[in-house]
Amino acid sequence: SAVISQKPSRDICQRGTSLTIQCQVDSQVTMMFWYRQQPGQSLTLIATANQGSEATYESGFVIDKFPISRPNLTFSTLTVSNMSPEDSSIYLCSVVIQGGGQPQHFGDGTRLSIL
Amino acid sequence: GENVEQHPSTLSVQEGDSAVIKCTYSDSASNYFPWYKQELGKGPQLIIDIRSNVGEKKDQRIAVTLNKTAKHFSLHITETQPEDSAVYFCAASADNYGQNFVFGPGTRLSVLP
């Protein structure tokens, strides 16, 4: 498997501000994903981070609110823009090391609270 | 699209007993079914997975069974220990969907000493 590091691990932010979350992997991976986990809930896919091109967003998530970058095979960022209390969640990065129906491996997440 | 249901939502067992969590899925194209364990303050950790060409897989105290006809798969934990206490998520995926996972709502397992 891979070692997946997310920064920050937690943050408390004011409404209307933006926060960028980083996901760093210790080896090259084929796919990277961003999930949201609301308190006590399951995981919801936000988008697939595509290397060198625009991310692929799931229904209900838009680029203006959650811009994503993936400049190379080991790094991605998710920005949560113009935050409101409803954005308080855990944001998780996951990776697939090789293609072809392989498992996703998750980082420990970023716990975000909006005041 | 795919829909995954998971039962029960909470489960309490005595240490040493067995625990069973069941998931059902809707899309017959799904062919990969992982199980994740999430401890407090941590990300989900893969504990076992199964593909649609296999009916059962076992890894020490953990096993997963798959019934493709009925579209359900189950996690079995034997000889439970307090450290098994966590939230467990099942997921379903189809290769042709680019490894997009659809997760179940989760089961909170408590193992009582």
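Only this structure's heavy atoms are used, side chains among them; waters, hydrogens and symmetry mates stay out. Lettering follows sequence order; numbering is per chain, from 1.
- Counting non-hydrogen atoms of neighbouring residues, nucleotides and ligands closer than 6.0 angstrom, the CD atom of B:Gln60 reaches no more than 12 such neighbours.
- Remark: A:Lys65 NZ is packed, more than 12 non-hydrogen atoms of other residues, nucleotides or ligands lying under 6.0 Å away.
- Atom CD of B:Glu15 has more than 12 neighbouring heavy atoms from other residues, nucleotides or ligands inside a 6.0 Å radius.
- Within residues 107-115 of chain A, the residues having any heavy atom closer than 4.5 Å to a heavy atom of chain B are A:Gly107, A:Asp108, A:Arg111, listed by residue number.
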Working for side-chain contact (heavy atoms from CB on, under 4.5 Å), residues B:Tyr36 and A:Gln104
CA-CA 10 Å; B:Tyr36 288 86; A:Gln104 293 183 24; 3.7 Å; yes
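- Counting non-hydrogen atoms of neighbouring residues, nucleotides and ligands closer than 6.0 angstrom, the CZ atom of B:Arg61 exceeds 12 such neighbours.
- Cluster annotation: A:Tyr57 is not connected to A:Met31 through the hydrophobic network of ILVMFWY side chains, with a link wherever side-chain heavy atoms come within less than 4.5 Å.
- Using a 4.5 Å cut-off between heavy atoms, B:Pro44 contacts chain A through both its backbone and its side chain.
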Just do the ring-ring contact (aromatic ring centres under 6.0 Å, His included) check on A:Tyr35 and B:Phe101 with the steps written out, would you?
CA-CA 10 Å; A:Tyr35 286 83; B:Phe101 286 10; 7.9 Å; no
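- By the neighbour-count criterion of 12 heavy atoms within 6.0 Å, atom NZ of B:Lys22 is sparsely surrounded, having that number or fewer from other residues, nucleotides or ligands.
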Residues A:His105, B:Gln45; criterion side-chain contact (heavy atoms from CB on, under 4.5 Å); working and verdict
CA-CA 7 Å; A:His105 301 278; B:Gln45 179 184 12; over 6 Å; no
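- B:Tyr32 and B:Val64 are assigned to two separate hydrophobic clusters, defined by single-linkage of ILVMFWY side chains at heavy-atom distances under 4.5 Å.
- Taken to the nearest 0.5 Å, the CD atom of A:Gln37 stands 9.0 Å off from the CZ atom of B:Phe103.
- Using a 4.5 Å cut-off between side-chain heavy atoms of Ile, Leu, Val, Met, Phe, Trp and Tyr, with links allowed through other members, B:Tyr88 and B:Ile50 fall into the same hydrophobic cluster.
- Most heavy-atom pairs under 4.5 Å with chain B, from the set A:Leu45, A:Ile4, A:Leu43: that is A:Leu43.
- A continuous path of ILVMFWY side-chain contacts below 4.5 Å connects B:Val111 to B:Leu75, so both sit in one hydrophobic cluster.
- In this structure, the portion of B:Gln38 lying under 4.5 Å from any heavy atom of chain A is its side chain and not its backbone.
- Connection of B:Val54 to B:Tyr25 is established within a shared hydrophobic cluster, with ILVMFWY side chains joined at heavy-atom distances below 4.5 Å, either directly or through further cluster members.
- Looking at every heavy atom in both residues, A:Ser42 comes nearest to B:Gly104 through OG-O, 2.6 Å.
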